[in-house]
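Mind looking over this structure? Questions follow.
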Amino acid sequence: MTTRGFPEGFAWGVATSAYQIEGSTAADGRGTSIWDTFAHTPGRVLNGENGDVANDHYTRYAEDVALMASLGVGAYRFSLSWPRIMPGGTVNQGGLDFYRRLADTLLEAGITPYATLYHWDLPQELEDAGGWPARDTAYRFADYAAVVREALGDRVKHWFTVNEPWCSAFLGYASGDHAPGLRSPELAVRAAHHLLLAHGLAAPVLREGDGLAGAAPNLYAVSPASDSELDLDAARRIDGLQNRFFLDALLRGSYPEDVVRDLAPFGFEDVVQAGDMELIGGPIDFLGVNYYSRHTVSAESDGGVVATSPFASASPWPGASHVSFVHGGRPVTDMGWEVDPGGLHEILTRVAKEYPSVPLYITENGAAYVDTVVDGEIDDHERLSYIEAHLAACHDAIADGVPLKGYFAWSFMDNFEWGWGYGKRFGLVHVDYETQKRTPKSSARWYGQISRQNGLP
Ligand SMILES: OC[C@@H]1[C@@H](O)[C@H](O)[C@@H](O)c2nc(CNc3ccccc3)cn21
């Protein structure tokens, strides 16, 4: 029974990424990624865990697609492993064949594939040549996009260029909590621009013919801890670095002046070349929004810092010193992230109101909670409630005029949670890593029903 229906054709999906689920990191010609290197470096991932096996999805993909279909979801957002497709810069048909098989299996099951080209697993040889701080990497990404479009464009029509450029740039090159684990704000600001340039170069390639493309930034609602001038400015700086830097570039083709000013001490102005912003702000068919929580920001420098990994180290916020993240008094997930569905409504209506009109997808939303298996069942009522509340926020946003076209729950199944390893579980489906047994949690069955009825009770 649906009392809160969603628009006809709304895409109900689940999401994953290559390094987090595939395993088989040396199979069929796959090359090394920066996450293979990072995860095998002692002290980088909790308990020394890595993605060598992960969910063994590379061999179990047909079983996983069948499970997706049995649940009733209609769309699947996954990522392509660049080092599987172009190891050492050469096209690897063995890697492409896997994604051809995956896409064919999805289509046969009535599930629409949405492919992300970059979800953090840069080929190691490109990192060795300078990584995202090096402008050339953006051009190598455009070459990769042309290979992918040629090989998979007959099967995949919906593309996301880059997942969360903020994370790749600032966690990878400023805080060092993510691969490649560097701690240089100067490198981070260069990486941020080149990840967006990569998007700008690749999007026209992916949009050729009947291709549809966008990017998938992670956006947060941001509030000052108080109405003091210092807290208001701290919130401005974090909102600028986290949200406006990416939204302005992608949707207006320019960077916000205040953020450019804040980043000037790190050499940011030297990075942007003539023509870059026209490419970055070029036409897209939709924008993905990854939303999880709200930041409540204080100017005091001794407040709590949002833990981006168990080894949170240097700040991922160049230009935002003396800023702390404080809890706003809301319930938190197992990641310590505040549960705030109102923040999702806030972000969606803000993007719809303040930026040129573009269709939106929630490309990631979900929650980690500690799951308990009782007689083979997992009653993950907290995760179900989190998703229900955020879907209600989506429904309200649509009623307020937001052109929201779909929602992808993060994640289809438990997986490798980056610096946290396998201990943080976001899946609608439980994975026993000893046996690789998949068990739908109560949230999976509930979400599949919502998908089939295209609405909330
Ligand atoms: O952490 C859950 C997921 C993660 O598994 C996805 O691969 C990634 O796209 C993703 N992004 C966020 C939001 N941003 C974030 C902040 C700090 C650390 C990691 C991610 C959450 N998630």
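All ligand and atom numbering here is 1-based and tracks the order in the structure.
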Numbered atoms of ligand 1 (with element) below 4.0 Å of C167, judged on heavy atoms: 14 (N), 15 (C), 20 (C)
Side-chain donor or acceptor of T333 paired with backbone N/O of A367 under 3.5 Å: no
Any W337 heavy atom less than 4.0 Å from ligand 1: yes
Any W418 heavy atom less than 4.0 Å to ligand 1: yes
Test of proximity, S17 against ligand 1: N or O pairs below 3.5 Å: no
Test item, D177 contacting ligand 1 (heavy atom, 4.0 angstrom): no
Y76 ring center near F78 ring center (under 6.0 Å): yes
Polar side chain donor-acceptor pair, D400 to H345, under 3.5 angstrom: yes
N-O pairing of D371 and R425 below 4.0 Å: no
Modelled atom types, side-chain donor and acceptor of E164 and N290, under 3.5 Å: yes
Enumerated ligand 1 atoms positioned under 4.0 Å from heavy atoms of H119: 6 (C), 7 (O), 8 (C), 9 (O)
Side chain, backbone, both or neither: the part of K424 lying under 4.0 Å from ligand 1 by heavy atom: neither
N218: numbered ligand 1 atoms lying under 4.0 Å from its heavy atoms: 14 (N)
Geometric N/O contact E364 with ligand 1, under 3.5 angstrom: yes
Carboxylate-amine/guanidinium contact R438 D64, below 4.0 Å: yes
R60 with D56: basic N within carboxylate O range, under 4.0 Å: yes
Aromatic centroids of H193 and Y255 separated by under 6.0 Å: yes
Where ligand 1 meets N163 - atom numbers and elements under 4.0 angstrom, heavy-atom basis: 9 (O)
Under 3.5 Å side-chain donor-acceptor pair for N415 and S411: yes
Basic-acidic side-chain contact under 4.0 Å: D414, K424: no
Any W120 heavy atom less than 4.0 Å from ligand 1: yes
Check ion pair D239-R350 (N to O, under 4.0 angstrom): yes
Close-contact set for ligand 1 against E417 heavy atoms, below 4.0 Å: 1 (O), 2 (C), 4 (C), 5 (O)
Sub-4.0 Å heavy-atom approach of Y220 to ligand 1: yes
For E164, atoms of ligand 1 separated by under 4.0 Å from a heavy atom: 8 (C), 9 (O), 10 (C), 11 (N), 12 (C), 13 (C), 14 (N)
Within-cut-off N or O pair, W166 and ligand 1, under 3.5 Å: no
Nearest option to atom 18 (C) of ligand 1, as decided by whichever heavy atom of T333, L171, N415, T116 sits closest: L171
Numbered atoms and elements of ligand 1 in range of F426, under 4.0 angstrom, heavy atoms: 1 (O), 2 (C)
